[in-house]
Amino acid sequence: MAEVMEETISGAIVRAFFAKFERNLAVDVGIVGAGPSGLVAARYLADAGLRVAIFESKLAPGGGTWGGGMLFNEVVVQADAAPILHDFAIRTNDLGNGYHTLDSVEMASGLIFGARKAGATIFNAMCVEDICVREGRICGLVVNWNPVRRLEMHVDPVVVTARAVLDGTGHPSEIVHKAVDKAGIKVDSPTGGIMGEKPMWMEDGERTTVINTKRLYPGLYASGMAANNVQGGFRMGPIFGGMLKSGKKAAELILADLAAAK
Ligand code: 48F
């Protein structure tokens, strides 16, 4: 007897999902957070041939991109960061004064599609609740469904091993917090801990986001606002060039370190 449609559809989803999940249980790079910096990093890492998985706790990847400034869905980037967007085939409007504007929905969807098309796998509605530390190195991510966390269900997670982990969780730097608070690790910051984000100063925040993007500990990197929070940088609000350049720099650092480790 022919299989009924309901069984065919359910079977297709379950088989495809578990094949995808199994392929990503051991990755080169595990990225936590699908904001602009994490998505840019994912795209360049995947372009270089690495196996990359992004874990995003929300249903929709894109982080703080969608809402532009104060829900006005336009984004501003500096002219020197616009080529990163153009690399994703995202269109910008050159204001001729060193800045470009663009539609925030085109930016979010373009970054997501670009990372995915390059080969990175995005697991949405999955949160990273802990890290694996072994022999002086961060070597994995402890993942669970975000609704499990939100509903405070007592359900154990599973583990994805990774040669490198990128904290792209934005303002809270959740992964570096696990390293510092739980594992007692001293990271590469002025105090060895998390300095905490300073208030708004767009120019300085944008400049330091890229400088603050670094390897914090063997196997652990931070990008975007997570990097600024760790190093005590200023916040910058609705200007996104630093986020894009930070993601690209994080990818370059990880690529160099993983190549040297071979
Ligand atoms: O905050 P977010 O967009 O990260 P970003 O790349 O960019 C910051 C800008 O959006 C914006 C800015 C500063 O003024 O320009 O704020 O630094 O995205 C972070 C993503 O990480 C997810 C979160 O849902 C968001 O989509 N996230 C946070 N914690 C976890 C997580 C976690 N534990 N597991 C999985 N995803």
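Read the numbers this way: they start at 1 and go in the same order the structure lists the ligands and their atoms.
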Colleague: In terms of atom number and element, which parts of ligand 1 are under 4.0 angstrom from non-hydrogen atoms of Gly170?
Modeller: 1 (O), 4 (O), 17 (O), 19 (C)
Colleague: Using a strict 4.0 Å threshold on nitrogen-to-oxygen distance, state whether Asp204 and Lys198 make a salt bridge.
Modeller: no
Colleague: Using a strict 4.0 Å cut-off to heavy atoms of Ser37, name the atoms of ligand 1 that fall inside it.
Modeller: 5 (P), 6 (O), 17 (O)
Colleague: Are Arg149 and Glu174 within salt-bridge range, i.e. N to O under 4.0 Å?
Modeller: yes
Colleague: For Met126, which part has a heavy atom under 4.0 Å from ligand 1: side chain, backbone, both, or neither?
Modeller: backbone
Colleague: Check this for me - ligand 1, Gly237, N or O atoms closer than 3.5 angstrom, yes or no?
Modeller: yes
Colleague: Is a donor from one side chain sitting under 3.5 angstrom from an acceptor on the other, for Ser173 and Asn229?
Modeller: yes
Colleague: How about Tyr221 and Asp257: does a side-chain donor come under 3.5 Å of a side-chain acceptor?
Modeller: yes
Colleague: Is it true that atom CG of Leu151 has more than 12 heavy atoms of other residues, nucleotides or ligands lying nearer than 6.0 Å?
Modeller: yes
Colleague: Taking Lys182 first and then Asp130, would you say they form a salt bridge - that is, a charged N and a carboxylate O separated by under 4.0 Å?
Modeller: yes
Colleague: Looking at Asp28 and Arg51, does any basic side-chain N land under 4.0 Å from a carboxylate oxygen?
Modeller: no
Colleague: Indicate yes or no: does an N/O atom of Val128 lie under 3.5 Å from an N/O atom of ligand 1?
Modeller: yes
Colleague: Check contact between Glu174 and ligand 1, using heavy atoms of the residue and a distance below 4.0 angstrom.
Modeller: yes
Colleague: Starting from Phe55, can I reach Phe18 by hopping between I/L/V/M/F/W/Y residues whose side chains sit under 4.5 Å apart?
Modeller: yes
Colleague: Give the numbers and elements of all ligand 1 atoms closer than 4.0 Å to a heavy atom of Gly168.
Modeller: 4 (O), 19 (C), 20 (C), 21 (O)
Colleague: Going by the atom numbers of ligand 1, which of them fall below 4.0 Å from some non-hydrogen atom of Met236?
Modeller: 13 (C), 14 (O)
Colleague: For atom 17 (O) of ligand 1, which of the options Glu197, Met225, Met200 provides the nearest non-hydrogen atom?
Modeller: Met225
Colleague: Is it the side chain, the backbone, both or neither of Met243 that has a heavy atom closer than 4.0 Å to ligand 1?
Modeller: side chain
Colleague: Using ring centroids (six-membered ring only for Trp), state whether Phe123 and Phe21 fall under 6.0 Å.
Modeller: yes
Colleague: Got the closest protein heavy atom to atom 24 (O) of ligand 1, with its distance?
Modeller: Glu56 OE2, 2.7 Å
Colleague: Going by the order shown, which atoms of ligand 1 are within less than 4.0 Å of some heavy atom of Gly224?
Modeller: 17 (O)
Colleague: Once you restrict to heavy atoms under 4.0 Å, what part of Val32 touches ligand 1? Side chain, backbone, both or neither.
Modeller: side chain
Colleague: Identify the protein heavy atom lying closest to atom 9 (C) of ligand 1, giving its residue, its atom name and the separation to 0.1 Å.
Modeller: Phe240 CE2, 3.7 Å
Colleague: Can you report which non-hydrogen protein atom sits closest to atom 18 (O) of ligand 1, along with the distance?
Modeller: Gly35 CA, 3.4 Å
Colleague: Is the closest heavy atom of His171 to ligand 1 under 4.0 Å?
Modeller: yes
Colleague: Given side chains that start at C-beta, do those of Val176 and Tyr217 come closer than 4.5 Å, heavy atoms only?
Modeller: no
Colleague: Flag Ser57 as yes when one of its N or O atoms lies below 3.5 Å from any N or O atom of ligand 1, and as no otherwise.
Modeller: yes
Colleague: Could you tell me if Glu3 and Thr8 have a donor-acceptor pair between their side chains, going purely by distance under 3.5 Å?
Modeller: yes
Colleague: Can you confirm, on distance only, whether ligand 1 has an N/O atom lying under 3.5 Å from any N/O atom belonging to Gly64?
Modeller: yes
Colleague: Which ligand 1 atoms does Lys58 reach within 4.0 Å, using its non-hydrogen atoms?
Modeller: 24 (O)
Colleague: Give the cluster check for Val75 versus Ile239: same hydrophobic cluster or not, with ILVMFWY residues linked at side-chain heavy-atom distances below 4.5 Å.
Modeller: yes
Colleague: Identify the protein heavy atom lying closest to atom 21 (O) of ligand 1, giving its residue, its atom name and the separation to 0.1 Å.
Modeller: Gly33 CA, 3.1 Å
Colleague: Within ligand 1, which atoms have a heavy atom of Cys127 less than 4.0 Å away?
Modeller: 34 (N), 35 (C)
